[in-house]
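Side chains included, hydrogens not; waters and symmetry mates left out as well; all remaining heavy atoms used. These numbers were taken from a predicted model, which means no experiment stands behind them. Proteins come first, then strands; the chains are lettered A, B, ... in the order of their sequence lines, and each starts at number 1.
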Amino acid sequence: MSAVSIKKTLNGEIQTGTRVTIQGWVRTRRDSKAGFSFISVHDGSCFDPIQVVAPAELVNYEDTVQKITSGCSVICTGTLVESQGRGQTFEIQATDVHVCGWVDDPDTYPIQPKQHSFEFLRDVAHLRPRTNTFGAVTRVRHVTATAIHRYFHEHDFFWINTPIITAADAEGAGDMFRVSTLDLANLPRTDTGAIDFSQDFFGRETFLTVSGQLNIEGYCLALSNVYTFGPTFRAENSNTTRHLAEFWMIEPEIAFADLDDLADLAEDFLKYVFKAVLEECPKDMAFFAQRIEPTAIARLEALIEAPFVRLEYAEAIEILKSSGQKFEFKPEWGLDLQTEHERYLTEKHFSAPVVVKNYPTEIKAFYMRIADDRKTVAALDVLAPGIGEIIGGSQREERLDVLYQRMAKQGMDAETYSWYLDLRRYGTVPHAGFGLGFERLITYITGMANIRDVIPYPRVPGRANF
RNA sequence: UCCCCGGUAGCUCAGUUGGUUAGAGCGGGUGACUGUUAAUCACUAGGUCGUUGGUUCGAGUCCAUCCCGGGGAGCCA
């Protein structure tokens, strides 16, 4: 008999009276001297475990069933029945309980049927997926990723796998990890004493990507609507609840589009994804609302209904200035919004996600389209209550001469970016795109406070365990 | 990188102005009890109090140092 997922045994898909085999890991075992044990088994297929009722008549009851502890892997066969007890609809009356793998030392098995701190669970990242919370996070993460691909597919976007290894050393998005096969203890040198990267694997200096944007623009100016969804690396020494050195980023890029088209896309996209998660993960979301963040479901529902607030950067500054709030950093036109400013806007003033558009030229990247008066560029940030910046994007500078000037002004080497300039030389069009941090999105959806708890094995400064 | 907080049993924590033998709950073991629900009750095992040094008659407690963790800020997604 082939095994079925616990999800199927619990969702009514299988008729009661059917003989089934399930396989998974034990959460708890409770004995009843009335002649049976209750074994709570999960397999990750759904939030709830199934209760296996193991009668004392089983041949291995005393030497096996009664020795089962949390974490053992089991294969159980029996009849699916309506539960005679409270707390669950279905359960399995076992005729066979087989322990696949014992827990060597139950005394030190880290995952107990109790609340653990997330800090502790980070130290056992290989075992934490066995907990309620991380099972739920994992399923939500999967459903979110799937919804993202589905949204783009349904809207005629193509998924472009931009390279992870890149030679562009100044994409303007922070410090990069070096990729090299040179012998660190014995580096080849040029005549001038510099490291001779011509002897390196690629014959030049290379890094891990900090963004697929520049690469994807080429595909945008050919396939019109495209996106990346892949790993991204930042070697910044950021120690916060919302930064990772390795994370996943979604970057759509749309042709024949301006900043408002981009804001429309961001809003429609986020609403679609939130809706999908609420529909496909009701149990997991209910858990987050109950145990992690009380507003987890309510705020997503509210967000799906209401139109996003949109305002100019200049307006945002005015709101902050006349707010009467005491800020550590005074809001001033020309300065970037501080975390405290973003929080005020999203959490207090609007109590909603806010799209801020058209930032001062000086504080934004070279590729963003400059306004006629040169004071601002067509950039936008989507700010969400609780986490701040979730999306950052812009309309790209599509005019060759303007882009060239801006690069020169920033002392950038036009030669390195000649291929990027080609895109403006041959059939340029207005286009725009944004970057969305996947883990930040999961953080927002689940209400999990720390981004290290929504990725399987977090990489942060000073830590790359597992 | 900067600021703040913390490190005591497998886990979550308590530990008074420095003072005898460092405690509880959960988890483990043993037993009792029960269609049980993070079951309940009794008994039991389990600790180099993060490291190194200092102050003191005496340090889990005070000081310094380093290591590790967490939160906040900056950078950003």
Side-chain angles (χ1 to χ4, degrees), chain A residues 27-40 48-55 66-67 69-71 81-88 91 93 103-124 127 131-132 171-175 210-213 228 231-251 266 291 328-329 336-340 342-343 363-365 381-384 387-393 434-444 449-453 455 460-463 465:
Chain A
R27 275 262 161 69
T28 58
R29 186 200 87 223
R30 297 176 293 275
D31 295 329
S32 167
K33 278 286 153 55
F36 33 76
S37 292
F38 300 99
I39 310 167
S40 183
D48 290 314
I50 190 156
Q51 176 162 283
V52 174
V53 184
Q66 290 206 297
K67 292 206 163 65
T69 57
S70 295
V81 297
E82 281 181 34
S83 180
Q84 295 168 37
R86 290 181 179 180
Q88 61 280 318
E91 65 189 20
Q93 285 287 347
V103 168
D104 279 354
D105 183 6
D107 200 31
T108 58
Y109 180 62
I111 309 300
Q112 297 165 5
K114 57 164 285 193
Q115 194 133 22
H116 289 100
S117 69
F118 292 132
E119 292 83 5
F120 166 70
L121 290 172
R122 272 171 225 152
D123 290 333
V124 285
L127 296 172
T131 63
N132 278 330
E171 291 176 18
D175 300 326
V210 293
S211 165
Q213 185 206 316
T228 70
T232 309
F233 308 87
R234 304 268 168 98
E236 265 140 22
N237 193 6
S238 299
N239 295 285
T240 79
T241 53
R242 55 189 185 284
H243 285 88
L244 292 165
E246 176 184 288
F247 62 100
W248 286 61
M249 186 153 67
I250 298 114
E251 296 172 288
R291 301 293 277 271
E328 193 186 337
F329 295 90
D336 212 349
L337 297 179
Q338 300 288 317
T339 299
E340 56 177 342
E342 297 178 351
R343 292 207 126 148
I363 59 173
K364 291 292 180 180
D381 281 351
V382 179
L383 311 176
I387 42 168
E389 185 180 341
I390 190 169
I391 283 180
F434 65 71
L436 165 70
F438 184 55
E439 284 76 17
R440 285 194 182 172
L441 182 65
I442 304 298
T443 297
Y444 187 65
N450 196 316
I451 200 163
R452 300 171 194 197
D453 299 326
I455 189 166
V460 295
R463 237 175 137 71
N465 301 345

So, Arg27(A) versus Asn132(A): side-chain donor-acceptor pair below 3.5 Å or not? yes

Classify the nucleic acid contact of Asn450(A) as base, sugar-phosphate or nothing, counting any heavy atom under 4.0 Å across all strands shown. sugar-phosphate

Students often get this wrong, so: under 4.0 angstrom with heavy atoms, is Glu328(A) touching a base, only sugar-phosphate, or nothing? nothing

Does any donor-acceptor pair link the side chain of Gln88(A) with the base of rU36(B) at a separation under 3.5 Å? yes

Give Leu244(A) one of three labels, base, sugar-phosphate or nothing, depending on what nucleic acid heavy atoms sit under 4.0 Å from its own. base

Reading 5' to 3' and counting Watson-Crick or G-U wobble pairs with both distances under 3.5 Å, write the dot-bracket notation for RNA chain B, | for bases paired outside the strand. (((((((..((((.....[...)))).(((((.......))))).....(.(((..]....))).))))))))....

Counting only side-chain N and O atoms of Arg29(A), is one of them less than 4.0 Å from OP1 or OP2 of rA39(B)? no

Checking Thr232(A) against Arg234(A): is there a side-chain donor and acceptor pair closer than 3.5 Å? no

Using a heavy-atom cut-off of under 4.0 Å over every strand shown, decide if Thr28(A) touches base, sugar-phosphate, or nothing. sugar-phosphate

Can you find a donor-acceptor pair, distance only, under 3.5 Å between Gln338(A) side chain and rG72(B) base? no

Measure from CZ on Arg27(A) to P on rG27(B) and round the result to the nearest Å. 15 Å

May I ask you to say what Ile390(A) touches in the nucleic acid, namely base, sugar-phosphate or nothing, with a heavy-atom cut-off under 4.0 Å? sugar-phosphate

Assign Thr241(A) to base, sugar-phosphate, or nothing according to its heavy-atom contacts below 4.0 angstrom with the strands shown. sugar-phosphate

Could you run through nucleotides 2-13 of chain B and give me one letter per nucleotide, 5' to 3': B if any protein heavy atom sits under 4.0 Å from the base, S if only the sugar-phosphate is that close, - if neither? --------BBS-

